[in-house]
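Counting starts at 1 for both ligands and their atoms, following the listed order.
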Amino acid sequence: MLSQASIQSVSFIDGFLYNRIKINREITLQTEYEQLLQTGRLYCMKMDWKENMPNRPHQFYDSDIAKWIEACAYSLATHPNIELEKKVDEIIDIMENSQLEDGYLNTYFQTVAKGDRFTNLKDNHELYCAGHLIEASIAYYETTKKDKFLNIMCKYANLLCSIFGPLKGQIHGYPGHQEIELALVKLYGITNEKNYLDLASFFVLERGRQPNYYDLEIKNAKSHITFNNYEIPTLKNYAYIQAHMPILEQSEVVGHSVRALYYLAGVADVAYKTNNQQLIDACHRLYSNLVEKKMYITGGIGSSLKVESFSFDYDLPNDTAYAETCAAVALIFFAYRMFLYEKDSKYIDTLEQVLYNGLLSGMSLDGTSFFYSNPLEVNKHAVDMDVLGLKSHMGYNRKKWFGCACCPPNIARLLSSLGQYVYATDNHDIYINLYTSSTFTNKETTLLVKTNYPFDETININMNQVSNSFSTLYLRIPDWCNKYIIKVNGEIIEVPLE
Ligand SMILES: [Zn+2]
């Protein structure tokens with residue numbers, strides 16, 4: 001398995017991606033912090049919100065804060081910023097005070113729906129929020145070496161490990177919105193605590209098995225989902241949340257695209273960490289179905305505007321494409337994991353396709369406004385008529401923020417962490433995945449890459465070995481590139497057959 005480059009080992013020098021990352025760091029992080037403040041999200045983390053106060057928390061509040069912290073963590077790794085770090089530390093202090101004695105931490109269930117925790121996994125987003133908080137805590141620990149947040153989340157994860165699982169007396173359920181699976185595998189990676197991997201495996205494999213947990217949950221339901229004070233009917237289409245059958249039997253990506261791809265990223269992790277060939281086969285099946293039949297030329301996925309989900313094979317309309325920014329992020333997660341596990345550049349081809357198109361379209365050039373959906377064409381009249389009643393998400397202008405604000409901090413954390421996708425390593429060997437002006441440095445080697453890619457396809461690479469151990473440099477040849485020349489010190493060493 002390859003290792004992704006550490007955030008600290010990569011510096012972007014100039015060019016297209018450099019500019020996007022710079023705007024993200026200098027403008028977007030601050031803009032999003034102000035939104036978290038103004039919309040009450042940060043205040044609500046203190047857990048003293050009461051009925052009739054403004055900014056009623058909803059089920060996703062914690063995940064928005066978490067993704068913003070994660071974005072900040074990666075940014076701090078390469079660009080220290082005392083003010084920004086102080087803001088994050090203050091939020092972590094609030095979380096520490098708000099965490100319950102047994103480890104539980106969730107804004108919605110500690111204020112709006114007290115007493116209802118873990119009673120409606122399908123419709124609510126408790127485990128989804130926990131997953132994002134875990135990811136953020138790991139990023140903050142890895143980049144600042146401060147462990148307070150990580151300890152908070154380990155305490156919460158320990159609670160989850162005691163509550164969920166296959167044993168008698170445990171809840172045999174799994175999240176309605178996947179995300180915690182990949183987070184638990186990450187937490188296992190940093191703590192070596194096997195319980196976290198076991199719980200991730202349980203969530204991955206139990207999903208969709210008969211008797212279906214959600215049938216039982218609906219029967220015993222205590223709480224229903226509310227959003228902006230409206231009660232939303234309980235979800236009965238299990239395919240929408242990929243719980244209609246076990247993952248080992250699935251051959252088609254279906255349902256809500258962000259759920260599906262977060263799930264697949266977690267499935268890939270569990271498959272390889274537990275050496276489960278059937279799960280690996282499922283990843284291959286579903287990846288092929290996705291990129292061959294259900295993905296736009298932009299790398300956008302989830303073509304159904306009405307329900308944010310996949311449609312049938314080849315149903316890829318341009319003007320009503322949903323292609324959520326979060327789905328682009330999630331596809332990058334899945335594709336990169338598969339590349340690291342299998343060293344096959346086809347996954348980076350997909351990653352690059354979605355990065356430059358369906359992902360970056362989600363943020364304005366000035367870094368202050370965002371698309372939730374990323375259609376390939378927009379008919380102003382159709383949007384103004386709002387036939388589908390979804391104008392809040394669909395439009396011809398990017399928005400400053402959303403009630404359900406999953407996408408803005410998601411693209412921010414992806415851009416902040418982009419260095420880890422550019423290079424990968426395998427012991428002494430280095431893989432260049434994405435061509436962009438940058439440096440890579442580890443104990444043995446320094447690389448300097450200069451290019452104006454994607455506007456110019458010439459790539460200049462300067463490699464310096466600073467130790468005696470030999471490194472092999474692997475260059476990705478994109479699948480679309482059928483003619484290339486490789487020169488070393490001006491001498492041609494490889495030209496492919498025409
Ligand atoms: Zn989103």
Side-chain angles (χ1 to χ4, degrees), residues 24 28-29 31-32 35-36 39 41 58-71 123-125 127-129 131-133 135-136 175-180 182-183 225 227-228 232 240-242 253 255-266 295-296 298-310 320-335 354-355 357-364 367-375 388 390-395 397-417:
N24 184 58
T28 309
L29 293 182
T31 300
E32 293 187 351
Q35 290 289 353
L36 293 174
T39 58
R41 282 165 169 77
H58 63 57
Q59 290 85 345
F60 329 116
Y61 261 31
D62 300 351
S63 64
D64 299 335
I65 298 169
K67 280 184 273 191
W68 179 80
I69 292 178
E70 191 180 341
D123 298 324
N124 290 320
H125 287 62
L127 294 169
Y128 167 83
C129 285
H132 277 304
L133 287 167
E135 279 203 277
H177 193 312
Q178 302 93 319
E179 148 68 22
I180 196 165
L182 68 89
I225 188 169
F227 182 66
N228 292 345
I232 296 173
Y240 186 70
I241 50 177
Q242 299 82 38
V253 283
H256 187 261
S257 57
V258 182
R259 285 173 165 90
L261 268 293
Y262 279 161
Y263 185 38
L264 284 173
M295 186 174 79
Y296 284 97
T298 59
I301 55 170
S303 63
S304 171
L305 171 64
K306 188 97 192 251
V307 284
E308 310 183 357
S309 73
F310 291 105
T320 56
Y322 199 65
E324 184 178 337
T325 304
C326 282
V329 172
L331 174 54
I332 287 175
F333 289 171
F334 178 43
V354 66
L355 168 66
N357 300 283
L359 178 93
L360 285 178
S361 57
M363 184 189 283
S364 61
T368 62
S369 56
F370 309 91
F371 274 142
Y372 200 113
S373 53
N374 295 273
L388 294 172
L390 292 166
K391 201 157 46 176
S392 63
H393 285 173
M394 176 81 171
N397 292 321
R398 293 177 178 84
K399 306 267 190 297
K400 296 289 180 194
W401 198 246
F402 305 91
C404 172
C406 50
C407 296
N410 219 358
I411 192 169
R413 71 175 175 143
L414 196 285
L415 288 176
S416 286
S417 66

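Taking 4.5 Å as the limit, some side-chain heavy atom of Trp68 sits within range of a side-chain heavy atom of Leu36.
For Arg398 and Phe370, the positive end is not near the middle of the six-membered ring at less than 6.0 Å and at most 45° from its axis.
With a cut-off of 2.8 Å, the protein N/O/S atoms near the Zn ion (ligand 1) add up to 4.
In terms of heavy atoms, Leu261 sits closest to Ala330 at CB-CB, 3.4 Å.
Between the side chains of Tyr262 and Glu179, no donor N or O sits under 3.5 Å from an acceptor N or O. Using a 3.5 Å distance cut-off with no hydrogens or angles, the side chains of Asn374 and Thr298 do not pair a donor with an acceptor.
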For ring-ring contact (aromatic ring centres under 6.0 Å, His included), just list the numbers for His58 and His125, CA-CA rounded to whole Å, side-chain angles, deciding distance to a tenth of an Å, and then say yes or no. CA-CA 9 Å; His58 63 57; His125 287 62; 8.9 Å; no
